[in-house]
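Worksheet: the structure to be examined is printed underneath.
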Amino acid sequence: MIWNRIELKEDSKSLLRLNYWPFVLVAFIHAVVAGSSAGKSGTTNAAKNFQNLHGDGYYGYDGYTMIREIVRIALPFLGMALVTVFGMWVLMIVLNVFVMHPIEIGCKRYMIMARSVKPEFQEMAFVFKNCYGNVVKTMFLKNLFTVLWSLLFLIPGIVKSYEYRMIPYLMAEYPDMASDEAFRISREMMMGNKWEAFVLDLSFFGWNILSALTLGLTGIFYSGPYQMLTNAALYLTLKKTHPSFGYVQPDDNYYFQK
């Protein structure tokens with residue numbers, strides 16, 4: 001299907017102006033929960049100087065013995081640090097899979113619904129009451145497969161991320177959709193559209209740079225909701241002619257019908 005990114009973006013900007021603050025709030029929540037999935041962890045090593053308090057020299061300690069003593073003393077602390085880091089890493093994964101991703105889907109649902117109705121903020125918690133297990137499983141598989149493809153080379157991972165791009169939106173509208181069906185439909189919707197979607201993302205690059213320069217303020221108050229609305233518009237545009245849905249999505253949205 002041929003679609004025009006300029007039209008999608010202009011329509012999204014118009015919609016953003018008509019209901020600005022709710023979109024800003026939803027986009028901010030989305031940024032927080034989506035950003036937590038990309039959190040980084042690190043370790044800091046401190047160097048210590050050892051000195052004999054009874055005078056100069058090592059009193060029979062050679063280099064090997066000294067290193068062995070350092071390792072013996074530091075090993076328990078190192079083990080505790082590794083266990084702590086691993087535990088925090090596991091906890092973060094669990095939090096992302098079972099809490100952050102469902103909220104992220106709810107935020108996308110809000111942006112989709114804004115094209116036809118005026119949604120309530122409670123839509124962001126939609127997943128927790130509707131097919132929660134299926135949505136969690138599907139999103140877990142999506143992220144897992146993307147990571148596994150990325151381990152091969154960078155390019156296959158990028159291609160697969162675009163191939164799976166519509167899965168969160170499908171889960172937002174159809175939380176009971178089977179995982180394999182969501183993968184299949186997303187793949188079909190993005191067939192022939194991956195490059196244009198990539199160019200669409202590139203068109204926001206300047207906004208992302210400006211957001212970084214303004215410490216995220218531009219992203220929070222404008223480019224974040226603007227980009228989310230545009231991505232939701234892309235999903236609805238690709239959905240219009242896909243045979244799996246069996247109907248055409250209306251072009252007019254709720255706000256422009258007033």
Side-chain angles (χ1 to χ4, degrees), residues 1 3 5 8 30-42 85-86 88-109 111-112 127 131-205 207-208 212 224 227-228 230-239 241-245:
M1 176 182 179
W3 49 276
R5 69 177 180 276
L8 293 183
H30 180 273
V32 171
V33 298
S36 68
S37 303
K40 298 180 180 179
S41 61
V85 170
F86 179 75
M88 293 178 64
W89 179 70
V90 171
L91 179 62
M92 184 58 66
I93 290 178
V94 171
L95 187 64
N96 284 330
V97 171
F98 294 101
V99 180
M100 300 302 185
H101 290 161
I103 296 176
E104 181 182 348
I105 298 298
C107 292
K108 286 179 167 60
R109 178 179 174 83
M111 296 299 187
I112 293 171
V127 173
C131 304
Y132 173 77
N134 183 62
V135 173
V136 166
K137 180 186 74 171
T138 303
M139 289 301 296
F140 175 78
L141 292 175
K142 169 192 174 291
N143 292 321
L144 176 62
F145 291 157
T146 302
V147 169
L148 292 178
W149 278 104
S150 299
L151 291 177
L152 296 177
F153 289 103
L154 179 63
I155 300 301
I158 294 175
V159 171
K160 286 298 178 180
S161 69
Y162 278 91
E163 187 174 292
Y164 303 154
R165 185 183 182 114
M166 295 300 144
I167 291 177
Y169 296 95
L170 291 169
M171 289 292 99
E173 272 205 294
Y174 310 101
D176 59 340
M177 180 180 288
S179 298
D180 56 348
E181 191 76 354
F183 275 86
R184 179 185 66 80
I185 294 177
S186 178
R187 190 161 47 242
E188 292 174 358
M189 291 176 74
M190 292 303 296
M191 190 176 297
N193 291 295
K194 288 189 279 292
W195 174 253
E196 287 298 326
F198 176 70
V199 175
L200 176 64
D201 290 340
L202 282 181
S203 70
F204 286 98
F205 183 74
W207 283 110
N208 295 333
Q227 189 166 4
M228 281 194 71
T230 303
N231 286 328
L234 173 60
Y235 162 72
L236 292 173
T237 299
L238 296 180
K239 176 184 170 182
T241 57
H242 195 281
S244 294
F245 300 105

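Numbers here are sequence positions counted from 1.
Sorted by first and then second residue, the salt bridge (charged side-chain N to carboxylate O under 4.0 Å, His left out) pairs involving residues 148-157 (not counting sequence neighbours) form an empty list. Screening residues 140-161 for salt bridge (charged side-chain N to carboxylate O under 4.0 Å, His left out), with sequence neighbours left out, gives Lys160-Glu163.
Using a 4.5 Å cut-off on side-chain heavy atoms (C-beta onward), Phe183 and Leu141 make contact. Side-chain contact between Leu154 and Ile158: present, with at least one pair of heavy atoms (C-beta onward) separated by less than 4.5 Å. Inter-residue side-chain proximity for His101 and Asn143 is flagged as met; some heavy-atom pair is nearer than 4.5 Å. Counting heavy atoms from C-beta on, the side chains of Asn208 and Gln227 come closer than 4.5 Å.
One distance of note links CZ of Arg5 with CG of Leu202; it measures 9.0 Å at 0.5 Å rounding. Separating the CG atom in Asp176 from the CD atom in Glu181 is a distance of 11.0 Å, to the nearest 0.5 Å. Rounding to the nearest 0.5 Å gives a distance of 8.5 Å between CE of Met191 and NE2 of His242. Put simply, CE on Met139 and CG on Asn96 are 10.5 Å apart, with the number rounded to the nearest 0.5 Å. In this structure, His30 NE2 and Met100 CE are separated by 12.5 Å, a value rounded to the nearest 0.5 Å. Within the model, atoms CD1 of Ile185 and CZ of Arg187 stand 10.5 Å from one another, a figure rounded to the nearest 0.5 Å.
Environment of CZ in Phe140: sparse, with no more than 12 heavy atoms of neighbouring residues, nucleotides or ligands closer than 6.0 Å. Under a cut-off of 6.0 angstrom, the local environment of OH in Tyr132 is crowded, with over 12 non-hydrogen atoms contributed by other residues, nucleotides or ligands.
When all heavy atoms of Leu170 and Ala182 are compared, the pair lying nearest together is CD1-O, 3.6 Å. Ser186 and Met166 make their closest contact through OG-N, 3.2 Å (heavy atoms, listed as atom of the first residue, atom of the second, distance). Contact detail for Ser179 and Thr138: the closest heavy-atom pair is OG-OG1, 2.7 Å. Nearest heavy-atom pair across Ser150 and Gly157 is OG-CA, 3.4 Å.
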(request) Show your working on ring pair (Phe, Tyr, Trp, His ring centres under 6.0 Å) between Phe198 and Trp195 and close with a plain yes or no. (result) CA-CA 5 Å; Phe198 176 70; Trp195 174 253; 5.4 Å; yes
(message) Using side chain to side chain contact (heavy atoms under 4.5 Å, CB included), reason through Ile105 and Tyr169 one step at a time and then give a plain yes or no.
(response) CA-CA 7 Å; Ile105 298 298; Tyr169 296 95; over 6 Å; no
(request) I would like to know whether Asn231 and Arg165 meet side chain to side chain donor-acceptor pair (under 3.5 Å); could you show each step before the answer? (result) CA-CA 10 Å; Asn231 286 328; Arg165 185 183 182 114; 2.8 Å; yes
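The ring-ring contact (aromatic ring centres under 6.0 Å, His included) check on Phe98 picks up nothing, with sequence neighbours excluded.
Judged by distance alone, the side chain of Asn134 and the main-chain N or O of Met177 form a donor-acceptor pair under 3.5 Å.
There is a side-chain donor-acceptor pair under 3.5 Å between Glu173 and Tyr235. Side chains of Asn193 and Tyr162: a donor-acceptor N/O pair is absent below 3.5 angstrom, by distance only.
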